[in-house]
Protein chains: 2
Amino acid sequence: MRRHRRPVSFRAGKLVAAMSRVTVKDVAEKAGVSISTVSRVLTGNAPVSRELHRRVVEAIEELGYRPNALARGLRIRRTAVLGLIVPDIANPFFSQLARVIEQHAHLHGYSILLCNSENSRERELQYFSLLTSQRVDGMMVISSAATHEQLNRFQSNTDAVVLALDRRIPGFRGPWLGADPYPGAYEAVGHLLALGHRRIGIVRGLEGTISSDERFEAIVRAYQDHGLSEDPWVFGGPYSVETGVQAGNALAQLPVEKRPTAVIAASEFSAYGLIQSLHSHGLAVPEDISVVGYDNTAFAELFRPALTVIAQPIERMGERAVEKVLQMMEAAADEPPPPVAPLPGTVRQRPRLAVPVPDETLPTTLVVRQSTGPAPASAALRLA
Amino acid sequence: MRRHRRPVSFRAGKLVAAMSRVTVKDVAEKAGVSISTVSRVLTGNAPVSRELHRRVVEAIEELGYRPNALARGLRIRRTAVLGLIVPDIANPFFSQLARVIEQHAHLHGYSILLCNSENSRERELQYFSLLTSQRVDGMMVISSAATHEQLNRFQSNTDAVVLALDRRIPGFRGPWLGADPYPGAYEAVGHLLALGHRRIGIVRGLEGTISSDERFEAIVRAYQDHGLSEDPWVFGGPYSVETGVQAGNALAQLPVEKRPTAVIAASEFSAYGLIQSLHSHGLAVPEDISVVGYDNTAFAELFRPALTVIAQPIERMGERAVEKVLQMMEAAADEPPPPVAPLPGTVRQRPRLAVPVPDETLPTTLVVRQSTGPAPASAALRLA
DNA sequence: AATCTATCTGAAAACGTTTTCTCCGCGAGC
DNA sequence: GCTCGCGGAGAAAACGTTTTCAGATAGATT
């Protein structure tokens with residue numbers, strides 16, 4: 001249905017103080033029209049005469065009327081709210097991602113319901129349920145620990161579209177959007193080779209978690225694709241400062257001729273810990289050992305030495321995330337209505353969309369800063 | 001009204017896949033009861049016989065029913081949602097604050113609608129309007145730029161309680177919760193004095209913004225209360241890395257006998273910039289110059305040298321914020337209903353609460369790390 | 001045996017919107 | 001002189017809950 005007139009907007013200055021809980025009925029009374037007319041002015045999807053339109057707008061402003069989003073949502077079955085489930089909003093990667101997601105959602109007229117799962121599977125599922133109850137139009141979930149069985153089961157209970165973000169959830173019935181660690185890793189290895197490094201170590205994340213394994217494998221593959229044959233020195237642990245510290249300690253123990261002259265850390269925090277630890281062992285970065293980190297949050301360039309990183313495309317990722325969710329919503333809206341009455345007792349495994357939305361991968365890149373430099377002279381000599 | 005039985009909870013594992021958009025009616029049908037009975041099981045505020053209760057719970061689980069929060073909110077006039085307006089969620093101070101706010105809100109059964117005002121007054125007011133439409137039960141606003149007139153006008157349009165957080169809004173008709181910079185500042189000056197420093201400079205924030213002025217005045221007062229008479233060296237600018245860098249440059253120009261041996265920065269970022277800049281001028285921290293920062297986010301201890309800071313009580317602040325909002329909501333609920341029909345055309349300046357909620361101040365503290373140390377020997381000598 | 005409670009249940013109203021349906025008036029086309 | 005279509009307005013039905021109100025059943029008390 002075409003819009004006949006611009007719906008009335010609620011700009012800042014024009015509203016005037018008034019009693020609370022004003023309803024469309026009050027507005028109608030004040031304007032001397034029916035509530036239908038007020039609604040038409042509000043939504044703009046039916047013609048209203050010039051004069052009545054004016055009276056309604058006036059009444060709205062004088063009463064400080066704010067439409068009740070609950071009632072509207074109930075009626076039109078859409079809320080213009082998106083749910084975002086993140087493992088830890090205090091983590092700069094997620095908080096920066098949340099920022100751009102919020103920004104783009106706002107741009108499209110959507111609000112964000114923020115859920116911090118605190119890395120708990122229990123809470124993640126709880127939030128999934130909550131968002132379903134709140135009837136959000138879409139969800140973006142950066143999954144902590146939920147299994148795909150659980151998520152799939154929950155997903156079939158909701159009408160919202162759901163996008164797995166950043167962390168892949170194998171088996172999950174729904175699209176995924178994230179970054180491919182390989183391009184950045186390939187660049188990183190190339191960069192280090194060009195600087196004369198030949199022994200390049202890796203500080204990886206926990207074994208067994210998907211995204212951690214993926215990053216590690218990408219680095220190893222980059223390693224091989226550059227023709228390095230030797231098995232790299234590897235240290236593993238959670239993505240934390242502590243892991244980096246331990247890696248540094250282990251590194252310092254190694255005889256200098258076996259010690260990597262460069263290390264790629266799969267986490268920003270491990271990189272910080274690593275550098276600190278190396279420092280405390282009298283090893284300078286990048287003079288003695290070069291370090292490549294991950295993620296490229298604002299702190300990477302604040303840190304001394306400023307951290308060379310395999311950068312995730314945070315901006316692009318947030319932008320694409322909301323675009324993708326919106327696109328999924330459109331597709332879902334065009335879809336034929338659900339296949340009428342399912343047989344009683346039948347567990348309906350209806351896929352959210354008839355035509356499945358494809359996964360989407362954004363490339364990582366290398367951002368060179370000061371934590372990487374030429375391989376130390378001794379190594380360079382041996383090279384020559 | 002007493003609760004007769006525990007309302008049915010929606011635990012993770014027990015829900016089973018089913019078609020979407022299940023309503024209380026479907027549940028009632030499946031269980032062979034009326035919708036009233038289902039509702040009673042849901043809310044738990046009326047007795048339901050053992051047998052019917054069982055059947056209803058069973059039906060709920062089999063259908064994967066999730067109550068519609070919109071309909072419920074519409075009916076009971078509460079949403080269990082709190083709005084949070086922050087200037088920039090990517091700023092670690094705000095993201096850490098948001099984290100603990102979300103955590104405590106969740107603890108009390110509330111969700112958080114996140115609004116990132118991007119430091120824009122326009123958007124802040126827009127969000128205020130939005131949250132009103134969404135009928136959130138309460139708002140916490142860390143105000144960027146809105147004036148109290150605007151906020152007051154908007155506030156009288158909402159039924160939600162609203163708390164000004166962190167940044168004071170003079171003239172705003174509503175309580176404020178924030179930190180008092182003085183205790184931390186007093187400790188900081190004392191700490192520096194004990195280390196032998198006598199010339200202590202200040203990198204302050206922009207002149208004219210409330211919280212910036214407050215911090216500055218607190219530091220100056222601490223200065224005086226410790227008996228320092230000389231006017232401190234002062235550099236001003238926005239709370240940014242760049243300001244710190246410029247301050248460092250200015251500092252480096254000073255003749256050494258006039259140069260402060262310690263600097264207190266009113267912002268974490270200024271402190272980082274300052275240290276970087278001093279470094280680039282060949283001045284070591286803390287050997288040549290000690291630096292005290294602000295805020296105590298996670299980065300402060302990651303940074304090298306780890307930053308001594310005047311710490312804001314982030315945890316406590318977030319916790320108190322939601323407790324206070326909840327308490328305000330209770331008070332508002334007990335309040336006599338609004339004084340009936342206001343005269344037509346009357347602008348009702350109704351205060352949100354009959355008995356105003358008092359402002360609340362939490363103390364800052366000093367956290368000593370490595371960026372502060374004994375005053376350099378030359379200064380110490382002159383002292384002796 | 002009749003009444004009185006206490007406990008439980010269901011029908012229906014309400015919450016504040018949007019939208020369908022009906023109706024009205026009016027100018028255009030036959 | 002009708003009908004047709006169309007711009008415009010209002011009444012009323014829906015959306016999915018909670019809650020009030022009125023009954024029903026059963027056990028206890030007279």
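Lettering follows sequence order; numbering is per chain, from 1. As the structure is a computational prediction, the values presented were derived from the model and not from experiment.
In this structure, the CG atom of A:Leu70 is 13 Å from the P atom of C:dT18, given to the nearest Å. B:Leu42 places its CG atom 14 Å from the C1' atom of D:dT19, with the value rounded to the nearest Å. In this structure, B:Arg50 atom CZ and D:dA26 atom P are separated by 19 Å, rounded to whole Å. Rounding to whole angstrom units, CD1 of residue B:Ile60 and P of D:dT17 are separated by 10 Å. The distance from atom NE2 of A:His53 to atom P of D:dG8 is 12 Å, rounded to the nearest whole Å.
Between B:His106 and A:Tyr127, the distance separating the two ring centers is shorter than 6.0 angstrom.
Salt bridge A:Lys324/A:Glu330: absent, no basic N to carboxylate O contact under 4.0 Å. Residues B:Glu323 and B:Arg320 are paired through a salt bridge, judged by an N-O separation under 4.0 Å between the basic side chain and the carboxylate. A salt bridge does not link A:Glu29 with A:Lys25: none of the charged nitrogens is closer than 4.0 Å to a carboxylate oxygen.
Contact annotation: B:Ser49 side-chain N/O to C:dT9 OP1/OP2 distance is under 4.0 Å. Regarding contacts with the backbone of D:dT18, every side-chain N or O of B:Asn45 stays at 4.0 angstrom or more from both OP1 and OP2.
Here C:dT17 is the nucleotide among D:dG7, C:dT9, C:dT17 with the atom lying nearest to any side-chain atom of B:Arg135.
Taking the side chain to side chain contact (heavy atoms under 4.5 Å, CB included) definition, one finds that B:Ser39 meets it with B:Thr43, sequence neighbours left out.
Here the side chain of B:Arg66 pairs no donor or acceptor atom with the backbone of A:Ser133 at under 3.5 angstrom. Under a 3.5 Å cut-off, the side chain of A:Asp137 and the backbone N or O of A:Arg78 do not form any donor-acceptor pair.
A heavy-atom distance below 4.5 Å is not found between the side chains of A:Ser144 and A:Arg121.
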Quiz prompt | Check against side chain to side chain contact (heavy atoms under 4.5 Å, CB included), B:Ile85 and B:Ile142 | solution = CA-CA 6 Å; B:Ile85 304 183; B:Ile142 305 180; over 6 Å; no
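With axes fitted over five pairs at each extremity, the angle between the ends of the helix from C:dA1-D:dT30 to C:dC30-D:dG1 is 60° (10° resolution).
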Quiz prompt | Nucleic acid footprint by protein, nucleotides 10-15 of chain D - heavy-atom cut-off 4.0 Å, B for base, S for sugar-phosphate alone | solution = BBBBBB
